[in-house]
Number of protein chains: 2
Amino acid sequence: MKTFEHVDCSRCDKRQSSIFCNTHGEPLEDLSDSKTCSVYKKGQVIFHEGGHPFGVYCVNKGKIKLSIIGDEGKEQIVRLARDGDVLGYRSMLVNERYNATATVLEDSQVCFIPREIFMKTLRSDSSLSFEMMKLLSNQLREAEVKLTHLAQKPVRERLAETLLFLKETYGYEPDSTQIAVQLTREEIANLVGTATETAIRLLSELNKEGVIELSGKKISIKDVRELSRVANLND
Amino acid sequence: MKTFEHVDCSRCDKRQSSIFCNTHGEPLEDLSDSKTCSVYKKGQVIFHEGGHPFGVYCVNKGKIKLSIIGDEGKEQIVRLARDGDVLGYRSMLVNERYNATATVLEDSQVCFIPREIFMKTLRSDSSLSFEMMKLLSNQLREAEVKLTHLAQKPVRERLAETLLFLKETYGYEPDSTQIAVQLTREEIANLVGTATETAIRLLSELNKEGVIELSGKKISIKDVRELSRVANLND
DNA sequence: AGGCAGAACTGATAAAAATCATAATGAGAA
DNA sequence: TTCTCATTATGATTTTTATCAGTTCTGCCT
């Protein structure tokens, strides 16, 4: 974990779409001055389930998975983070240990804002607490919808939905319909909530049907419309 | 929906354990003066999925389910509310339509705080936004854990877990080990995330095993320890 | 380049859970 | 009270999904 050149928050173009979008002036400078910026290599863990939170992490550039380990040691991926996303705020707010592990999916640049500074900003800048509430609200809604689908929809539909979700989250590779993230089949299964073999089987099924195209870990969506139909998204 | 006698927030004993625990003085009076208090009968709907939020609901006394209707019209119960809980705040914060329906499980008294007043209080009373963030954080954690269990644990374990959850949420009837809430078997299934017949079958299985005792809709827990073991809660 | 380990794949089988069908019970309305 | 309809219950069957076993593929390391 190497430190990379310090990025001035006021010049960070990801800020506009982040919870700091309305934070300006002194509070923002405070944050910027006290943070540290690091590079994480693929596979590295930013924080561990059960660990103590000492601050929040702000993704400058990167792709990160947040996962919970279930009773039998099986991973469940509960969220994916991209540029501009903030991680670890929840545990900090309620002053509890992390209940998820953040693992880097590809080399990423992440800024760390120490606890005290973040909490101070939260107290002084009411727009930040507002953005926090909105963020939490949205994530809660997403989690509840996901819950419903997990309980009610068959694996094939959930897999299609997951692929569309990956596309929405990370977009396509330049000039292609390949989803811009590399996940193992196991990770895809842990996102969908199924067994690895089942995920593999259904992926190659969609491949045969011409809806998607597989080349190694790269997945391209050949027919978004049909994939949406498979996902059966009416709500 | 009849209006019941106005309850002064400052004298409401549920306030201590609610998000208004640190709200005092003028802000609290404002809330108290502008709210309306209503009685809802069993089965009545407080708000509908898709409807516009005009304020937040504060449960004075009652038991309420929050549910989402899935693609095939099947209900998924995503949360249960009890005395002191607040409902509908999430949609209001992000200014979206309700994404869940709130239905009263037994006759309840609920106060309604109009949108403007609540938002005003949120701006003026920073402790309230803090409590909101904590509440949202906790609910998000719960949702993510539930998600993981839904994806990884068999129905029997989830049913046992649900029964323990019901006990934690609503407690026992006075001088008994009967859980203090009446749900149909279908509702239990929609909470667990399974088919009604499966829920019925597994309930009678636990009944035969002597872990619980069924009498109509009343469920009593005869052996909490064994039920916890069935739920397989290691995390 | 060769070999090795992990990942991806495929088939067979087993287990879990949903669905369908049908009967019994019970609560509320006329 | 009796009738009716919804809920509960149970059995049989099918479908879905997981698990197990074995093979091929691929990237990586020396």
Side-chain angles (χ1 to χ4, degrees), chain A residues 41-43 70-76 103 105-106 148-163 181-209 212-220 230 232, chain B residues 41-43 70-76 103 105-107 148-163 181-209 212-220 230-232:
Chain A
K41 293 241 158 255
K42 178 176 176 172
D71 291 347
E72 319 298 327
K74 194 183 173 191
E75 170 191 61
Q76 178 68 33
T103 311
L105 294 171
E106 60 178 50
T148 305
H149 290 181
L150 202 46
Q152 301 188 357
K153 301 177 85 175
V155 180
R156 187 177 148 94
E157 292 184 21
R158 291 190 338 251
L159 174 64
E161 199 178 342
T162 298
L163 293 176
V181 67
Q182 297 219 8
L183 298 171
T184 64
R185 299 292 190 257
E186 189 178 1
E187 284 171 323
I188 293 174
N190 295 345
L191 204 44
V192 173
T194 189
T196 307
E197 296 94 322
T198 304
I200 289 172
R201 247 180 273 271
L202 293 173
L203 277 172
S204 70
E205 208 175 286
L206 290 172
N207 187 35
K208 278 198 198 88
E209 293 166 17
I212 62 172
E213 193 173 272
L214 302 171
S215 59
K217 292 200 184 14
K218 284 290 180 191
I219 300 172
S220 45
V230 173
N232 191 19
Chain B
K41 293 242 158 253
K42 177 175 175 171
D71 290 347
E72 318 298 328
K74 195 183 171 191
E75 170 191 60
Q76 178 67 33
T103 311
L105 295 171
E106 61 178 47
D107 298 5
T148 305
H149 289 181
L150 204 45
Q152 300 189 357
K153 301 178 82 174
V155 179
R156 190 179 146 94
E157 291 183 21
R158 295 197 327 259
L159 175 64
E161 198 178 342
T162 299
L163 293 175
V181 67
Q182 296 219 6
L183 297 171
T184 64
R185 300 289 190 259
E186 190 179 1
E187 284 172 323
I188 293 173
N190 295 345
L191 204 44
V192 173
T194 188
T196 308
E197 296 95 320
T198 305
I200 290 172
R201 247 181 273 272
L202 293 174
L203 277 172
S204 71
E205 208 176 284
L206 290 171
N207 186 35
K208 279 199 198 88
E209 293 166 17
I212 62 172
E213 191 173 271
L214 302 170
S215 58
K217 292 200 183 15
K218 284 290 178 191
I219 301 173
S220 45
V230 174
N232 191 21

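Only heavy atoms go into these numbers, but all of them, side chains included; no hydrogens, no water, no symmetry mates. Letters A, B, ... mirror the listed sequences (proteins, then strands); counts begin at 1.
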Exercise for review: Give me the bend of the helix from C:dA1-D:dT30 to C:dA30-D:dT1, using the axes of the five pairs at each end, rounded to 10°.
Suggested key: 40°

Point to revise | Whole-Å gap separating C1' (C:dA7) and CG (A:L203) | key: 14 Å

Practice item. For B:Q182, look at atom CD and say whether over 12 heavy atoms of other residues, nucleotides or ligands are found less than 6.0 Å away. Key: yes

Check your understanding: With nearest nucleotides of DNA chain C determined for B:T194 and A:T196 from heavy-atom distances, which residue corresponds to the more 5′ nucleotide?
Key -> A:T196

Exercise for review: Evaluate salt bridge (Lys or Arg N to Asp or Glu O under 4.0 Å) for B:D107 paired with B:K41, printing each intermediate quantity in order.
Suggested key: CA-CA 4 Å; B:D107 298 5; B:K41 293 242 158 253; 3.4 Å; yes

Point to revise | Side-chain N or O of A:T184 closer than 4.0 Å to phosphate OP1/OP2 of C:dA7 | key: no

Review point. DNA chain D: B:L183 or A:K74, which has the more 5' nearest nucleotide?
Key: B:L183

Study note, to complete from the structure: Result for side chain to side chain contact (heavy atoms under 4.5 Å, CB included) between A:R158 and one of A:V192, A:L163, A:L191, A:L202 points to A:V192

Study note, to complete from the structure: When rounded to whole Å, the CG to P distance for the pair A:N207 and C:dC9 reads 9 Å

Practice item. Please name the residue in the list A:L183, A:V181, A:T184 that meets the side chain to side chain contact (heavy atoms under 4.5 Å, CB included) test with A:K217. Key: A:T184

Study note, to complete from the structure: Whole-Å distance, A:E205 CD to D:dT17 P, equals 11 Å

Exercise for review: Measure from CD on B:E197 to P on D:dT8 and round the result to the nearest Å.
Suggested key: 12 Å

Point to revise | Neighbour count above 12 (heavy atom, 6.0 Å) for B:K218 NZ | key: yes

Review point. Can you check the B:R158 CZ to C:dA17 P distance for me, whole Å?
Key: 7 Å

Check your understanding: Given D:dT17, C:dT10, C:dA17, which nucleotide is nearest the side-chain atoms of A:S204?
Key -> C:dT10

**Study point:** Closest nucleotide among D:dT10, C:dA7, D:dT19 to the A:K217 side chain
**Key:** C:dA7

Review point. Any side-chain heavy atom of B:I188 sitting closer than 4.5 Å to one from B:L159?
Key: yes

Review point. Between atom CZ in B:R156 and atom C1' in C:dA16, what is the gap in whole Å?
Key: 13 Å

Check your understanding: Any idea which of D:dT17, D:dT7, C:dA8 is nearest the A:V155 side chain?
Key -> D:dT17

Practice item. Select one nucleotide: of D:dA18, D:dT19, C:dA8, the one nearest the side-chain heavy atoms of A:I200. Key: C:dA8

Exercise for review: Measure the distance from NZ on A:K42 to C1' on D:dG27 and round it to the nearest whole Å.
Suggested key: 11 Å

Check your understanding: How many Å lie between CD on B:E186 and P on D:dT7, as a whole number?
Key -> 7 Å

Review point. Is there a side-chain contact between B:E205 and B:V230, using heavy atoms and a 4.5 Å cut-off?
Key: no

Revision key, fill the gap. Winner on side-chain proximity to B:R201, out of C:dA8, D:dG11, D:dT8, is D:dG11

